[in-house]
Amino acid sequence: MQRTLFIPAMLLVCVGGSDARAASGPSPEVVAAQLRDAAIAGHDIAYSWVSDLTTHIGPRPAGSASEHQAADWAAARLKALGFENVHIESFPMTAWVRGTESAQLIAPSQQPLVIAALGGSPPTPAAGLEGDVVIFPTLRDLKAAAPGSLNGKIAMVAQRMVRTQEGAGYSAAVPGRTDGPNEAAQRGAIAYLLRSVGTDNHRQAHTGTARYVDGRVAVPAFALSAPDADQIERIAALGQTVRVRLFSGASYVRDAHSQNVIAEVRGRDRPQEVVLLGAHLDSWDQGTGAIDDGAGTAIVTAAAKLIRDLPHRPRRTVRVVLFGSEEVAQPTPPGHGFGGHSYADNHRAELPNHVLAGESDLGTDRVYSFALPSRVAESEFAKTLLRILTPIGVLASDRPPEDVGADVTPTVEAGVPGFGLNQDATTYFDIHHTPDDTLDKVDRVQLDQNVAAWAALVWLAADSDIDFRPRPAAGSATAPPAKP
Ligand SMILES: [Zn+2]
């Protein structure tokens, strides 16, 4: 369903301003505190959501029957929870399917290697392929190699991901995964190996998507577990030639589709104005997608459910969007779907009425700070939110939201203000995109702390008439402040 209601400009009114209901009921701040406390008390909506999703359905690769099943399950559950306008919006895509896969060191000695094919990467020949490994410390070193210098070789980037609280180490390392295969192919390589983009040292590989160039990933590409990458580097450091054999039976489904699941709590005064809460329903194939991103779908759904169950609806509409096909998102289709683009395209006409958007997609560890659009960073809204969230360990970030989330990025790029509830990602990348992403990693107490923060922030935004967009006349208002 699409609506085409459109108001060209929203007025800026301070929180706590002319709210007729304020005289007859508790203030928005009191309600926000009640929501926070209800979440912290443990209402079980979030945990039962992620438990049921990962137990009944399990992995949900983009475009798969399991992802469709998860969307149907989510829509039915959202209806049962009392949400309005629950519906599914489908879009076409090419699905990638992992086949059997294996890797061995064959010289100077025979040893098994633990690998995972990167999403989107083509199969090897049926007999597999063999080649000598050329190791590059970083992607930049690979890019510096001359054309033709890797003819017949297997390129390997050995860059280590740095463990950080906010997850910046991931952004620094991930180009090795997205861009490495094509860079290797351009120099003649027949395959690509990558030290897993992850922070653990377990014998498991972290998959993830590789970027399509000219509609495809150029060569078979694999992540190595960190101990296997160490092993190859040690052997090479002895001056010996490392030779490996690789096999992947990956395949594609060209006429697949994925879908976004949408549900609402309709606003009582300004239902056309939307506060968007996003997370993604698809997952990688080897775990059950508990922390990435079953937990995020649970957090935003539970937060919206707490708001839905209030005696008074918020003034604006709260919209939950459970995106499909996030993990294999390609910046440039053709024919390769991405729920974030599909949503922004389908709802283009109403994006001017989207007042704020955020996404939960960094696991279940606790929220430690909130980041608001620059326009309201020093406002009464921010001060109220800080009073509500400080007791559960959440501070105000000194920076505006940076990476709001892949799914809502097309919406934010269309001019919708984004917010962030920054989670502690210190251990997230030990598990991210591995077979170890399973329900036992979800901490109920921290999950509920996330729900509390989301419910309070979203309620305060939805029950206000604040304009979060940058001031039209002050272009500098959108520029992030310099780092201290
Ligand atoms: Zn994710």
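Scope of the values below: all heavy atoms of this structure, side chains included, with no hydrogens, waters or symmetry mates. Numbering of ligands and ligand atoms starts at 1, following listing order.
By the side chain to side chain donor-acceptor pair (under 3.5 Å) test, Asp282 pairs with His280, sequence neighbours left out. Tyr428 pairs by the side chain to side chain donor-acceptor pair (under 3.5 Å) definition with nothing, not counting sequence neighbours.
Distance check, rounded to the nearest 0.5 Å: CD1 of Ile291 to CG of Asp443 gives 12.0 Å.
Side-chain atoms of Asp141 and Thr138 form a donor-acceptor pair, as typed in the model, at a separation below 3.5 Å.
The shortest non-hydrogen separation linking Arg163 to Thr199 is NH2-O, 2.9 Å.
Applying the side-chain hydrogen bond (donor to acceptor under 3.5 Å, both in side chains) test to every pair with at least one member in residues 218-227, sequence neighbours left out, gives these pairs: Ser225-Asp228.
Near the Zn ion (ligand 1), less than 2.8 Å away, sit the protein N, O or S atoms His280 NE2, Asp292 OD1, Asp361 OD1, Asp361 OD2.
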